[in-house]
Structure formats: structure tokens, C-alpha cells
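Working notes for the structure below.
Order of listing sets the numbers, starting from 1, for every ligand and every atom in it.
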Amino acid sequence: MTATSPRTPAPVLVLVPGATGAPSDGGPGYRLADPTVPQLSVTDLVATRGDGVFETIGAFDGSPVNVGPHLARLARSAEMIDMPAPDQALLAEAVDAAIAAHESVAELSVRVMYTRGVEGTGTPTCWIHAKASDDWSPYRAGMKVAVLDRGLATTAAETSPWLLQGAKTLSYAVNMAAVREAKRRGAADVLFVSSDGYALEGPTSTLLVRRGDTFLTTPASAGVLAGTAVATLFAWLREQQGLATGEELMTIEDVKGSDGAWLLSSTRLAAPITHLDEHELPVDAELTARFERVLKGGI
Ligand code: PLP
């Protein structure tokens, strides 16, 4: 008898040629496409220059979370790189179509990609790719995090807007290089620190810090992406738990001296930091599990 390996559910691809307005043929503006055959031109500016923006939306038991805030952020990122505004209503429909077409799985990762398009055409390329999420359980149980210098001051977003701090662009090679460096150091993820000494964000996540009954994150003005997961948690902490939330520039020593810290994102959800470099941090597994339920849209 041969052992059967677990089958990976097939990803779903939805192409959205009408992403910047109503399509001329009167169709829905998007269509399902075969993800196993090539769809992207080698001259698309995302292939040659990483020129585009994206979002990753989590869907739990078939329900996507925070679609509106994700698509609004996509529009902000597009504006920051001088791309035309995407049709958010059409994209929301196309996200639903991608989820509906996917086999039912507990956790789905839905990427919305919006690129500057094939060189010379001036027409963005847009697609949605839904796939079963990675198994994030080891990260949700707690992870070691390495502090790495981003090499930019917290004023860079204001003084050098062309560096696109706070935009979610498709040039993530630097972010992925940072994660590889963390792994070389025996850690699972990264907390970036600014050149002026403040904790920023992870390469794909937002910093959350607990100080007593107050929960803090980095101000978006420091050049970090304004996270949708932290916004959801902050609303729950304030409105359902009566706790205080805020934005504050924190040093690495502040984070080390805190009552707990997490890296938050839409698909991995709340990953508690067990160690920041060699420094051990308190981990509250029960609170982390509650965060997870809130971020899945359950509370
Ligand atoms: N910061 C960066 C750089 C990210 O790439 C991400 C998400 O991928 C986040 C923060 C967290 O954002 P969200 O909570 O909207 O997933």
C-alpha cells in the first residue's frame, strides 16, 4: 500500500481587466482563469521592475475579513505610485468570486495584485489569486524575532516620499531578504528598527505592544504600513474591552520592557513574540487566542 500525501487544494485565479472602470463589452469586468497556465506578460512592468501594488486578504471558513479597508489601502498605495484608482466595487465582487470558486478550506489567502501593466500600454494589469493559507500555527504559538535596522529614519516618509514608505508595493525583495537574515540568526521573523532608534514593523506585519492595560502600535507617520489587523484589534480592545489603545514611537528597549508584543497581519493573525533578539518577553496564550478569534471576524 502506498502512503497518500495530503492533497493541496488547487488555487483559483481571477483576472480583472476592468479594474480601472467599466469594461466596454458590458461583462462583469472579471473572469476566472486557469492558474496552471501562464497569464502574465514578460513585459509587464511588475515583471521587469516590481512596479505595482497589492493586498493580501484573509478569508476564514469562506468569509473574507476587512475587504473594504484592504481595497481602500490598495487605492492609497496605487495613488502613492501614481497609478489610476482601482474600481473598488468591482474588485470586491471579484474577491467574492475567487473565494466562491475555491474549494472550501478553513483559511484562505486572497491576493489582489494591481500592476502598472505591459510596458507602453498605460493599462494596469489586475488579478486575484486565492490559495489555501500556509500553516501558521507554529508562529501563532510564539516566535523569536530579530531586530534589524531598516536604515531609514522615522522622518523618511515625509522627507523622501519617493521611497514609498507606507505603500504596499510589489517590490518585497528587501522584506524577504530581511526574513532570510532573521532565519540565519535563528529567529522566525523581523522587527525593523529605524535609524533614529524606534521600533517600526515586521516585513509583512504590524507591531502591537502591551503596556499594562494599554495597547500600542507604531504611528503610520513613521513610515509603516497602516495595518488592517491592528485597526480591527484596536476597535475591539476599545469598544468591547474598554481598554486604551494608541500610537507611539517606542524604542527597542521600550518593547523589551513591555508586558507582551505581537506581530499582526491579516492571514497569519496574531503571532506573539517570545524573544526579541536574546531578550525574553511574556507571552499570554489566552489573550493571543482571543485576538485570533477577533481577527478571524468571529467576535
Ligand atoms: N506591514 C507590512 C509591511 C505588511 O506587509 C503587512 C501585511 O502584509 C502589514 C504591516 C500588516 O497589514 P495587515 O494587518 O493589513 O495585514
Side-chain angles (χ1 to χ4, degrees), residues 50 52-60 64-78 80-81 88 91 95 107-114 129 131 133-134 136 139-140 143 145-152 154 156-157 163-179 181-182 188-194 198-209 215-237 245 247 261-273 288 291-292 294-297:
V53 294
F54 77 111
E55 282 295 322
T56 306
I57 301 171
F60 303 90
V65 173
N66 278 334
V67 174
H70 277 289
L71 295 179
R73 189 171 69 188
L74 184 79
R76 281 202 303 281
S77 296
M80 285 173 78
I81 66 165
Q88 294 182 48
L91 285 177
V95 164
E107 298 193 16
L108 201 60
S109 168
V110 186
R111 289 215 172 105
V112 182
M113 320 292 273
Y114 187 57
H129 187 236
K131 71 172 191 66
S133 293
D134 294 338
W136 294 121
Y139 293 83
R140 291 173 186 166
M143 59 179 187
V145 168
V147 176
L148 297 184
D149 186 359
R150 184 174 257 172
L152 295 170
T154 46
L163 294 179
L164 302 177
Q165 295 303 292
K168 195 165 168 68
T169 76
L170 279 162
S171 316
Y172 259 39
V174 167
N175 304 39
M176 297 303 105
V179 175
E181 175 61 22
D189 207 344
V190 174
L191 175 61
F192 283 123
V193 60
S194 66
Y198 294 105
L200 294 170
E201 62 183 344
T204 60
S205 55
T206 304
L207 175 66
L208 174 72
V209 171
F215 289 82
L216 299 164
T217 193
T218 314
S221 58
V224 300
L225 191 73
T228 60
V230 76
T232 297
L233 268 195
F234 271 16
W236 176 77
L237 286 163
T245 63
E247 296 191 339
W262 295 258
L263 289 177
L264 305 177
S265 58
S266 298
T267 55
R268 197 176 64 181
L269 308 177
I273 303 177
T288 302
F291 285 172
E292 185 175 316
V294 173
L295 293 174
K296 282 180 174 173

Using a strict cut-off of 4.0 Å, indicate which atoms of ligand 1 neighbour a heavy atom of [X].
| X | result |
| --- | --- |
| T206 | 9 (C), 10 (C), 11 (C) |
| T228 | 13 (P), 14 (O), 15 (O) |
| E201 | 1 (N), 2 (C), 3 (C), 10 (C) |

Next on the checklist: Once you restrict to heavy atoms under 4.0 Å, what part of L264 touches ligand 1? Side chain, backbone, both or neither.
Outcome noted: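 Contact part for L264 vs ligand 1: backbone (N, CA, C, O).
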
Look only at interatomic distance and state if [X] has a nitrogen or oxygen under 3.5 Å from any nitrogen or oxygen of ligand 1.
| X | answer |
| --- | --- |
| H70 | no |
| G227 | no |
| R73 | yes |
| T56 | no |
| S265 | no |

Checklist entry - Between the side chains of T232 and N66, does any donor sit under 3.5 Å from an acceptor? => result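 Short answer, yes.
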
Checklist entry - Is it true that the side chains of T206 and T217 contain a donor and an acceptor less than 3.5 Å apart? => result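 Note: T206 and T217 side chains miss the donor-acceptor criterion.
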
What residue and heavy atom of the protein are closest to [atom], and at what distance?
| atom | answer |
| --- | --- |
| atom 8 (O) of ligand 1 | K168 NZ, 2.6 Å |
| atom 14 (O) of ligand 1 | A229 N, 2.9 Å |
| atom 16 (O) of ligand 1 | S266 OG, 2.7 Å |
| atom 5 (O) of ligand 1 | Y172 OH, 2.6 Å |

Checklist entry - Counting N and O atoms only, with roles assigned by atom type, does the side chain of T218 sit under 3.5 Å from a partner on the main chain of L200, one being a donor and the other an acceptor? => result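 Yes; at least one donor-acceptor contact below 3.5 Å.
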
Next on the checklist: T56 vs S109, test: side-chain hydrogen bond (donor to acceptor under 3.5 Å, both in side chains). Steps then yes/no.
Outcome noted: CA-CA 7 Å; T56 306; S109 168; 5.4 Å; no

Which heavy-atom pair separates [X] from [Y] by the least distance, and what is that distance?
| X | Y | value |
| --- | --- | --- |
| T288 | A270 | CG2-O, 3.6 Å |
| E292 | L269 | CG-CD1, 3.6 Å |
| L148 | A182 | CD1-N, 4.5 Å |

Next on the checklist: Please determine whether any non-hydrogen atom of P69 lies less than 4.0 Å from an atom of ligand 1.
Outcome noted: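 Judged by the 4.0 Å heavy-atom criterion, P69 does not count as contacting ligand 1.
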
Checklist entry - What do you reckon, does G202 put a non-hydrogen atom under 4.0 Å from ligand 1? => result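 The answer is yes, since G202 has a heavy atom less than 4.0 Å from ligand 1.
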
Checklist entry - Which word best sums up how the rings of W262 and F215 line up, parallel for under 30°, tilted for 30 to 60°, or perpendicular for over 60°? => result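 Geometry flag for F215 against W262: tilted rings.
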
Next on the checklist: I'd like to know if E107 and R140 make a salt bridge, using a cut-off of under 4.0 Å between side-chain N and carboxylate O.
Outcome noted: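 Looking at R140 together with E107, the answer is yes, because their closest N to O distance falls below 4.0 Å.
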
Item to check | Interatomic distance, I273 atom CD1 to D189 atom CG [nearest 0.5 angstrom] | outcome: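 Output value for this atom pair is 8.0 Å.
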
Item to check | Heavy-atom nearest neighbour of atom 7 (C) of ligand 1 within options V65, N175, T204 | outcome: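 It is T204 that holds the nearest heavy atom.
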
